[in-house]
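Report on the structure given below.
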Amino acid sequence: MNFQDTQLIGVLARAESTVSSLSSLLGGLVEKFAARGYSLYLVGGSVRDALLGRDMPDLDFTTDARPDHIVRLIRDWADTWRD
């Protein structure tokens, strides 16, 4: 194993630890989307922060669910708004 491999393993371990700390918060949300056949992915700055082992002050997601489906899925999970 070379130095770059060792660095990558460390980065992935930090990311796993950071994301795992969110599992109690996000587990129900992921399950809601999956139960309706949708995917939900953590993206953007959230991923960067996880890889760096930083706190994630906000979470960014993407999904294949349409906006109106998202609102219905999370209505009882979070405050939602529509413009």
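What's counted below: heavy atoms across the whole structure, side chains too, no hydrogens, waters or symmetry copies.
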Give me the atom names and distance for the closest heavy-atom approach of [X] to [Y].
{"X": "Ser46", "Y": "Asp58", "result": "OG-O, 3.3 Å"}
{"X": "Ala65", "Y": "Ile70", "result": "O-CD1, 3.6 Å"}
{"X": "Thr63", "Y": "Ser39", "result": "OG1-O, 2.5 Å"}

From [X] [atom1] over to [Y] [atom2], what is the distance, rounded to the nearest 0.5 angstrom?
{"X": "Thr62", "Y": "Leu40", "atom1": "OG1", "atom2": "CG", "result": "8.5 Å"}
{"X": "Ile9", "Y": "Glu16", "atom1": "CD1", "atom2": "CD", "result": "12.0 Å"}
{"X": "Arg14", "Y": "Leu52", "atom1": "CZ", "atom2": "CG", "result": "6.5 Å"}
{"X": "Asp49", "Y": "Leu59", "atom1": "CG", "atom2": "CG", "result": "9.5 Å"}

Phe61 versus Leu42: any side-chain heavy-atom pair under 4.5 Å?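 Yes - at least one pair of side-chain heavy atoms lies under 4.5 Å apart.
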Do Phe33 and Ile74 have side chains that approach each other closer than 4.5 Å (heavy atoms only, starting at C-beta)?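 SC-SC contact between Phe33 and Ile74 confirmed.
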Considering only NZ, NE, NH1 and NH2 on the basic side and carboxylate oxygens on the acidic side, decide whether Asp76 and Lys32 come within less than 4.0 Å.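 Looking at Lys32 together with Asp76, the answer is yes, because their closest N to O distance falls below 4.0 Å.
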Within 6.0 angstrom of Arg36 CZ, more than 12 heavy atoms from elsewhere: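 No.
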